[in-house]
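Worksheet: the structure to be examined is printed underneath.
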Amino acid sequence: MPKAVHFTKGSIIYFEGDKDDRIFILQEGLVILTSMDLASRTPVTENIHKGEFFGVKSALGHFPREETATVLSQATAIVLTISEFEQVLGGNRQLILKMLRVFSNQLRTIHKQIEQMLNTNKEPVNQESGLLSVAQTFFADNDFQPCCDICIKFLAKYPNSARKGEAAKLYTSAKARLDREAQNNQSKEPIFVDDGGVKPLEIFSLPSFSRFAKTFKHGSVIIAEFESGESFYLIQSGLVQLVKCVNGVKKNLDMLHPGEFFGEMAILDNTPRSATCIAYNNVTVLEFNKENFAQLITGNPQIALILLKLFCKRIYDQRRRFRILVMPDAQSRIADVFLMFNEMNGSSNYMERKRTFNITVQDIVNWTALPLEQVQDELNRMSEKGRIEMFTDRITVSNIADMERVVENSLQIS
Ligand code: CMP
């Protein structure tokens, strides 16, 4: 049973960094949330008014609170567990859609901040030139199947484009390279190791859903960044790789497993696709349209909750990435990558300070957005000082507290 809890003026409901699963609805009074703006490192505040939720993201995502909740005037809040929250959601179509929109918007805002930070070319990108630049980025990365698929999408969507010839030429080159790879038998389906992650909801195995099923061959593009979107997808089998192209460079956002959704953002806020989604191996998805989307999530609170949790995880991951990128120097960026992997692996043995992470130098390059040589130099320096040991498939950090010190010191200096 949800409980009403009273809080006196000036008391703290939770601190930034706390870990707990409570979700709150403010009934009376005023609560203020204070967090740190990652880019400017200045406090930002948000007032919570009567009837509003707070504490949702960190509770659903099981990660530390991102803000401190302070009571500004005598307050009463309903405190919910996650399952009570699920019940409240179940009956409220408007609330579900509102929350999904808010989360989708937050994710987009973080994407934009990351893009602005990484993009030296500040020219605004429109859908047409954005789509073509995504195809060019795949070509430059020798990823010819996605390049061909995106060129086809471009030519179908913009038959009268001034850049039609450029797209057609790109397609011809990519197709020739693809055919050559096929002759040399280089385009084998990658092996999929099922890690027993998220499982598809039972309901989607019902025969009535089979009419929504679609298959994609490995390497093919399901969604291209910058195109308009009318459908969203649930993975039935196989893996889907999410990629964002920033300034001509491919950035891997995530690898999605059976049971996970994608493509919901364009539907929620009527904006172009925020990332490219590629079938990593042979993939089967259920494809739903906008109307199905509203029916599915409001008719089935379990699905709404999965989506909300997915957003929480994605927002957290991207904020964490952003925190790495705003570190003032290369050494602290790299140290913060180790801290992030440490948080994700959640070691419970605090006495044991040595940590081994299954990451490569290239992973660190991806997370820090630093040039390979600079990352290598920094890692060599850390290795000479005995702070880390490098192997081809893993890196051992001798004392994780060293990395915390590096990050703290450089934040204080800057
Ligand atoms: P949409 O923008 O419609 O199309 C691309 C999809 O990729 C997007 O919806 C989300 O489903 C998914 N997506 C976008 N950003 C991320 C992210 N940072 N992490 C995981 N998935 C994402």
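Order of listing sets the numbers, starting from 1, for every ligand and every atom in it.
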Taking only heavy atoms of [X], which atoms of ligand 1 are found under 4.0 Å from at least one of them?
X      : value
Ala266 : 1 (P), 2 (O), 3 (O)
Leu253 : 15 (N), 16 (C), 17 (C), 18 (N)
Leu242 : 7 (O), 12 (C), 13 (N), 20 (C), 21 (N), 22 (C)
Gln318 : 18 (N)

Q) Taking non-hydrogen atoms only, is Arg273 closer than 4.0 angstrom to ligand 1 via side chain, backbone, both or neither? A) both

(Q) Tell me the contacting part of Met265 for ligand 1: side chain, backbone, both, or neither, using a 4.0 Å heavy-atom threshold, strictly below. (A) both

When only distance counts, is [X] in polar contact with ligand 1, meaning an N/O pair under 3.5 Å?
X      : result
Ser274 : yes
Phe262 : no
Gly263 : yes

Q. Which protein non-hydrogen atom lies closest to atom 19 (N) of ligand 1, naming both residue and atom, and how far is it?
A. Arg314 CG, 3.4 Å

Q) Only one of Lys250, Lys244, Lys251 forms a salt bridge (charged side-chain N to carboxylate O under 4.0 Å, His left out) with Glu225, so which one is it? A) Lys244

Q.
Apply ring pair (Phe, Tyr, Trp, His ring centres under 6.0 Å) to residues Phe144 and Phe139 and explain how you reach the verdict.
A. CA-CA 6 Å; Phe144 302 116; Phe139 187 87; 5.3 Å; yes

Q.
Any heavy atom of His111 closer to ligand 1 than 4.0 angstrom?
A. yes

Q.
Against ligand 1, does Arg108 come closer than 4.0 Å with any heavy atom?
A. yes

**Q.** Atom pair NZ/CD1 of Lys112 and Ile114 - distance to nearest 0.5 Å
**A.** 12.5 Å

Does this structure show an ion pair linking [X] with [Y], if we count only N-O contacts that are shorter than 4.0 Å?
X      : Y      : answer
Glu287 : Lys214 : yes
Asp269 : Arg101 : no
Arg320 : Asp317 : no

Q.
Check this for me: Lys157, atom NZ, are more than 12 non-hydrogen atoms of other residues, nucleotides or ligands nearer than 6.0 Å?
A. no

Q) Does Arg394 make a cation-pi contact with Phe391 (under 6.0 Å, within 45 degrees of the axis)? A) yes

Q | Option with minimal heavy-atom separation from atom 10 (C) of ligand 1, where the choices are Lys313, Glu264, Arg321 | A | Glu264

Q) Would you call the rings of Phe24 and Phe54 parallel, tilted or perpendicular if under 30° counts as parallel and over 60° as perpendicular? A) parallel

